[in-house]
Protein chains: 2
Amino acid sequence: MGQLGSCTDMTDTRNRILDAAERLFSTRGFHATSIRMITAEAGANLAAINYHFGPKNALIRAVYARRLEQLNALRLQMLDACEVRAGSEPLPVEDIVRAFIAPVLRLPPEDPFRRLIGRMYSEPGDLARQIISEHMGEVARRFTLAIRRALPDAANTDLHWGAFFTIGVLAHTVTASALLNLIPNDRCDPKNADSVTERMTTFVCAGLRSFVIREETPTSGLAG
Amino acid sequence: MGQLGSCTDMTDTRNRILDAAERLFSTRGFHATSIRMITAEAGANLAAINYHFGPKNALIRAVYARRLEQLNALRLQMLDACEVRAGSEPLPVEDIVRAFIAPVLRLPPEDPFRRLIGRMYSEPGDLARQIISEHMGEVARRFTLAIRRALPDAANTDLHWGAFFTIGVLAHTVTASALLNLIPNDRCDPKNADSVTERMTTFVCAGLRSFVIREETPTSGLAG
DNA sequence: GTCTATAGTACGATAGAC
DNA sequence: GTCTATCGTACTATAGAC
């Protein structure tokens, strides 16, 4: 409860179940993982999941909840630090994007939650919508505000699409990174979190700024 | 066999099964969809899938095979047309990106295959790797060549990462587009395929060019 | 090429003792 | 909070008649 640490060596049943579920969901998928497998892997009893979480879907949401709370705390912490450093000036777009993506890209390659991040969005049903509305509110609010200050000439619609595309790049990178094996990575090792972060920041910020430039040419003030 | 059309009103069992599977996989996911549901929806017998496709995984691959062949034929056709128009000049990056993404974004919003495109990459197992190696070879070869000519100063590594990010943006957009409901789309209706295509082209091309600019500043010739 | 019938297995969920 | 035992259901895959 309330712990933000790795939780990996905690011995209570609840967290052992979450760890086991995270691992199995990551390698096998939600539907291909049974309650029985999870309790077996966790060294818990078959009935324990129902007791602690209720039905299977609630367990899935609990797996995301635990990790997203950690992740979003890091994001807000990075954003806070940038804002303190900038004083009352608007932040550089790069700082905002980096604060959003770095906590995800820094997850170690063997962390099973990496693959789960992107799977959330492509899973059928309301999983993504539920999780986003339960756990992404504060992050969305803070980062939207920051980016509006950083790119005051961009229309809201542009920023929304930019955020959507950014999430796509990030989710695909952590979830489908196995497909990068084929690529000769002489100068940007995908296991080097910082170099991937900088590369993605460059790419995404150029994309975001391209919207502003396009908008500024025909009209003048008052974006929207 | 060999047909590239919509196949929706064909009456033979094989195609009815593929249509039903595509629909059910899209709304329910692969594992949550049973052989029984598919044959029921297709008006076919329970044993028909095993007869025509073999085990369930082979059916999944067949669903992707049929649609990706159509899609990739359109991509190459668009690229061919651009190259004819350009003569011996390198193509603008925009034309190349557009030829890659437009055939996907033009799939009607109600086409169940839209959601399946991104799910391929996040699905556990070797699905994406198998499908890519079976059906994306020609497209990868042709588009890589075109983009190398268009951005001769970019390193191969940059272009690979750029392509990877582009696929991420595209996959997320067609697969998670339900999450765009919340956005006020006063100026870029997500159902307007052409406006989304132009927006994504702008974003992605700016990202791709940002790699070149970054590369050109310190060194001079010979990328790599 | 399509059907019926079924073998063999796994599942989620819960009731009720401890 | 943890366990055993079990109900009722669903699954894939195939064998064998037509």
Side-chain angles (χ1 to χ4, degrees), chain A residues 1-3 7 9-66 116 119 123-127 130, chain B residues 1-3 7 9-66 116 119 123-127 130:
Chain A
M1 286 296 192
Q3 288 236 4
C7 298
D9 47 27
M10 296 198 63
T11 45
D12 77 279
T13 306
R14 212 189 126 91
N15 274 307
R16 284 205 325 277
I17 288 172
L18 287 174
D19 290 339
E22 193 176 272
R23 266 195 304 277
L24 287 163
F25 287 157
S26 180
T27 56
R28 314 193 27 120
F30 302 120
H31 272 94
T33 301
S34 66
I35 301 278
R36 301 171 128 81
M37 289 176 195
I38 298 169
T39 49
E41 170 112 350
N45 186 269
L46 174 58
I49 287 180
N50 244 273
Y51 174 76
H52 285 286
F53 302 96
K56 190 178 172 181
N57 275 351
L59 172 62
I60 296 175
R61 291 219 306 282
V63 165
Y64 278 98
R66 180 179 64 154
L116 289 184
R119 200 170 296 159
E123 198 70 11
D126 275 336
L127 185 64
Q130 283 177 8
Chain B
M1 286 292 191
Q3 289 236 4
C7 299
D9 47 26
M10 297 198 61
T11 45
D12 77 280
T13 306
R14 211 188 128 91
N15 274 306
R16 283 204 327 275
I17 288 173
L18 287 174
D19 290 339
E22 193 175 272
R23 266 194 305 276
L24 287 164
F25 287 157
S26 180
T27 56
R28 313 193 29 121
F30 301 122
H31 272 95
T33 302
S34 66
I35 300 278
R36 303 170 122 80
M37 291 176 194
I38 299 168
T39 48
E41 171 112 350
N45 186 269
L46 175 57
I49 286 180
N50 244 271
Y51 174 76
H52 285 287
F53 301 96
K56 190 177 173 180
N57 275 349
L59 172 63
I60 296 176
R61 291 219 306 281
V63 165
Y64 277 99
R66 180 179 65 154
L116 289 184
R119 200 170 297 158
E123 197 69 12
D126 275 336
L127 185 65
Q130 283 176 7

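Here is how names work: the chains are called A, B, and so on, in the same order as the sequence lines, proteins then strands, and each is numbered from 1.
The residue Ala48(A) sits apart from the nucleic acid: no heavy atom pair falls under 4.0 Å.
Contact check on Arg66(B) versus Asp19(B) returns a salt bridge, with a Lys/Arg side-chain nitrogen under 4.0 Å from an Asp/Glu carboxylate oxygen.
Taking only side-chain nitrogens and oxygens, His52(B) comes nearer than 4.0 Å to OP1 or OP2 of dT2(C). Dashed line: the shortest gap from a side-chain N or O of Asn45(A) to OP1 or OP2 of dG1(D) is not under 4.0 Å. Within the structure, every side-chain polar atom (N or O) of Thr13(B) is placed at least 4.0 Å from both OP1 and OP2 of dG1(C).
Side-chain proximity of Ala47(A) to the nucleotides dG12(C), dA15(C), dA13(D) is greatest for dA15(C). In the set dG1(C), dG12(C), dA13(D), the nucleotide with an atom closest to the side chain of Tyr51(B) is dG1(C).
What separates CD1 of Ile35(B) from C1' of dA10(D) is a distance of 13 Å, to the nearest Å. The distance from atom CD1 of Ile49(B) to atom C1' of dT14(D) is 15 Å, rounded to the nearest whole Å. With rounding to whole Å, Lys56(B) atom NZ is found 13 Å from dA10(C) atom C1'. Between the CG atom of Leu46(B) and the P atom of dA7(C) there is a distance of 15 Å, given to the nearest Å. Rounding to whole angstrom units, CG of residue Leu24(B) and P of dC11(D) are separated by 12 Å. In this structure, CZ of Phe53(B) is placed 18 Å from C1' of dT14(D), rounded to the nearest angstrom. Protein atom CZ of Arg14(A) is 16 Å distant from nucleotide atom C1' of dT2(D), rounded to whole Å. The nearest whole Å value for the distance from the CG atom in Leu59(B) to the C1' atom in dA13(D) is 14 Å.
Under the 3.5 Å distance criterion, the side-chain polar atoms of Arg23(B) are left unmatched by any main-chain donor or acceptor of Glu41(B). Of the possible donor and acceptor atoms, none in the side chain of Arg28(A) sits under 3.5 Å from a partner among the backbone N and O of Pro124(B).
Taking the six-membered ring where tryptophan is involved, the planes of Tyr64(A) and Phe30(A) are tilted, since the angle between them lies from 30° to 60°.
Taken to the nearest 0.5 Å, the CD1 atom of Ile35(B) stands 10.0 Å off from the CZ atom of Phe53(B).
Position along DNA chain C of the nearest nucleotide to Ser34(A) versus Asn50(A) favours Ser34(A) as the more 5'-ward residue.
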